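Keep in mind that what you see is a predicted model, and the values were worked out from it rather than measured. The figures here come from the full heavy-atom set of this structure, side chains too, leaving out hydrogens, waters and symmetry mates.
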Number of protein chains: 2
Amino acid sequence: MAEDDPSPRRDGRTTDTRQRIEATALRLFATRGFAATSLRNIADELGITKAALYYHFPAKKDLARSVFQPFIDDVDALLSRLDGRRSPREILSAYAEALVPHRATLTAMLRDPAAAVDLDLAEVSARWLSRVGALLDDEDDPSPERRVRTTVAFGGLTRALMLPDAEEPATREAAVAAAVAALDSR
Amino acid sequence: MAEDDPSPRRDGRTTDTRQRIEATALRLFATRGFAATSLRNIADELGITKAALYYHFPAKKDLARSVFQPFIDDVDALLSRLDGRRSPREILSAYAEALVPHRATLTAMLRDPAAAVDLDLAEVSARWLSRVGALLDDEDDPSPERRVRTTVAFGGLTRALMLPDAEEPATREAAVAAAVAALDSR
DNA sequence: GTCTATAGACCGATAGAC
DNA sequence: GTCTATCGGTCTATAGAC
């Protein structure tokens with residue numbers, strides 16, 4: 001399973017600088033947004049020059065892709081895993097588990113719509129949204145209000161995953177329980 | 001009560017161009033983000049030049065302030081109104097009512113952290129968060145999980161307010177009901 | 001009120017030395 | 001693998017004509 005954390009390259013050697021660039025970029029993307037983060041900002045924080053960044057990544061777009069890819073892969077894997085019939089609780093719980101390691105990435109993606117457009121992630125998230133919507137659909141209740149409840153449940157759970165203590169199981173369980181309650185409200 | 005919609009100036013005359021600039025700016029801020037929206041983008045959509053914008057607003061910051069101010073004023077008014085003891089349902093419902101006219105502004109503010117920093121809105125939203133947190137606090141349940149539930153409720157409700165049909169009372173009621181359920185889950 | 005023209009800073013990206 | 005130096009482009013903002 002992919003992670004935001006260090007990973008070896010195809011040739012087996014670990015490139016420390018590359019990882020540090022990705023980590024710093026992710027942190028700045030999440031706090032300032034993609035468009036507002038310049039390569040100079042990233043380089044300055046690392047104590048290197050802009051030109052050095054271009055040795056590791058051919059363009060800003062490629063750096064961003066590299067930062068977002070593990071997140072994208074894990075969400076795709078999650079959606080494949082959830083293909084069959086599952087209860088809303090199982091779906092929301094699996095969603096929370098899968099996304100916790102990618103909290104910073106999640107924040108960055110939700111915040112900056114420009115990044116989604118630039119990196120062709122708009123198509124990716126549209127695909128996610130329709131699949132997730134289908135997973136939580138309830139054929140016994142096809143009302144518009146059902147869609148509102150799924151929005152509250154998913155939006156609220158996603159927000160809770162950004163809390164500082166979201167890694168703690170108790171926090172995650174409480175968040176999932178609250179999301180399930182929102183979904184079942186009537 | 002302030003609105004995102006046209007409003008007369010102090011001298012009584014309506015300045016159509018000024019309003020059109022604000023409306024276009026808000027739309028672009030909400031879709032692309034503040035940092036990724038240049039004055040040239042705004043001017044082009046209006047069929048005028050960048051320099052013309054500077055006749056109406058001395059700086060980009062001032063344009064942004066003008067765009068966000070009605071939203072800020074209405075939230076401040078809401079918080080004052082909610083000073084006394086209210087039920088969670090009343091608080092969440094009042095929150096939804098107050099923010100519906102400002103959906104686009106809300107989207108823009110949530111999305112772009114750079115705007116919040118540039119415009120000193122970070123202090124504003126921090127103030128909101130602590131007051132809102134206090135309003136929803138439950139002295140019978142001061143557990144960390146309570147805080148998680150308020151996050152799910154508020155985050156989910158806010159997300160639902162961005163739905164295309166959020167102006168419809170039925171949608172709003174369903175969203176508030178779902179948020180209340182999340183808050184009461186145990 | 002809107003225009004053309006431009007200043008000055010910063011952007012992403014490249015060339016080439018070491 | 002990191003540097004200095006620089007390119008062309010865009011940004012915010014200003015000056016001044018109409």
Side-chain angles (χ1 to χ4, degrees), chain A residues 6 8-26 28-29 31-68 108 112-120, chain B residues 6 8-26 28-29 31-68 108 112-120:
Chain A
R9 287 170 91 192
R10 273 169 298 290
D11 61 12
R13 287 173 63 263
T14 57
T15 53
D16 183 58
T17 303
R18 195 184 157 94
Q19 295 159 17
R20 285 173 59 229
I21 292 171
E22 288 173 353
T24 302
L26 173 55
L28 293 181
F29 290 165
T31 52
R32 312 180 179 196
F34 173 74
T37 301
S38 72
L39 295 179
R40 188 174 210 285
N41 295 147
I42 299 169
D44 283 355
E45 292 235 354
L46 288 167
I48 62 177
T49 63
K50 238 187 347 170
L53 289 184
Y54 277 95
Y55 173 81
H56 298 276
F57 299 94
K60 188 185 183 185
K61 227 179 262 210
D62 297 281
L63 169 56
R65 261 183 211 288
S66 185
V67 164
F68 289 133
D112 212 317
V117 173
D118 277 12
L119 307 169
D120 304 317
Chain B
R9 285 170 92 191
R10 276 168 296 293
D11 61 12
R13 286 174 65 264
T14 57
T15 52
D16 184 57
T17 303
R18 196 186 157 93
Q19 295 159 15
R20 286 174 58 230
I21 292 171
E22 288 173 352
T24 302
L26 173 56
L28 292 181
F29 289 165
T31 52
R32 313 181 178 196
F34 174 72
T37 302
S38 72
L39 295 180
R40 188 175 210 285
N41 294 146
I42 300 170
D44 283 354
E45 292 235 354
L46 288 167
I48 62 176
T49 63
K50 246 186 340 172
L53 289 184
Y54 276 95
Y55 173 80
H56 297 278
F57 300 93
K60 188 185 182 184
K61 227 178 262 209
D62 297 281
L63 169 56
R65 260 181 212 288
S66 187
V67 164
F68 290 133
D112 212 316
V117 173
D118 278 12
L119 306 170
D120 304 317

Separation of C:dT2 P from B:Arg18 CZ (nearest whole Å):
13 Å
Rounded to whole Å, the CD-P distance (A:Gln19 to D:dG1) equals 12 Å
Residues A:Arg40 and A:Lys50: closest non-hydrogen pair is N-CG, 3.8 Å
Please determine whether a side-chain nitrogen or oxygen atom of A:Ser38 lies at a distance below 4.0 Å from atom OP1 or OP2 of C:dC11.
yes
From C-beta outward on A:Arg40, which listed nucleotide comes closest to its side chain: C:dC11, D:dC3, C:dA13?
C:dC11
Side chain of A:Ala52 only, heavy atoms from C-beta on: which candidate in D:dC11, D:dA13, D:dT2 is closest?
D:dT2
On a heavy-atom basis, the closest approach of B:Leu28 and B:Thr37 is O-OG1, 3.4 Å
Check every atom of D:dA13, D:dC3, C:dA13 against the side chain of A:Lys50 and return the nucleotide holding the closest atom.
C:dA13
Just N and O in the side chain of B:Tyr54: are any of them under 4.0 Å from OP1 or OP2 of D:dA13?
yes
Taking any heavy-atom pair under 4.0 Å as a contact, classify A:Thr49: base, sugar-phosphate, or nothing.
base
With distance as the sole test, does B:Asp112 use its side chain to make a donor-acceptor pair with the main-chain N or O of B:Phe29 at under 3.5 Å?
no
Calculate the interatomic distance between A:Tyr55 atom OH and C:dA13 atom C1'; express it in whole Å.
17 Å
What is the distance, rounded to the nearest whole Å, between atom CD1 of B:Ile21 and atom C1' of C:dT2?
11 Å
Tell me which nucleotide among D:dT4, C:dC3, C:dA13 gets nearest to the side chain of B:Ile48.
C:dC3
Note: B:Arg32 and B:Glu45 closest approach over all heavy atoms is NH2-OE2, 4.5 Å
Please determine whether a side-chain nitrogen or oxygen atom of A:Thr17 lies at a distance below 4.0 Å from atom OP1 or OP2 of D:dG1.
no
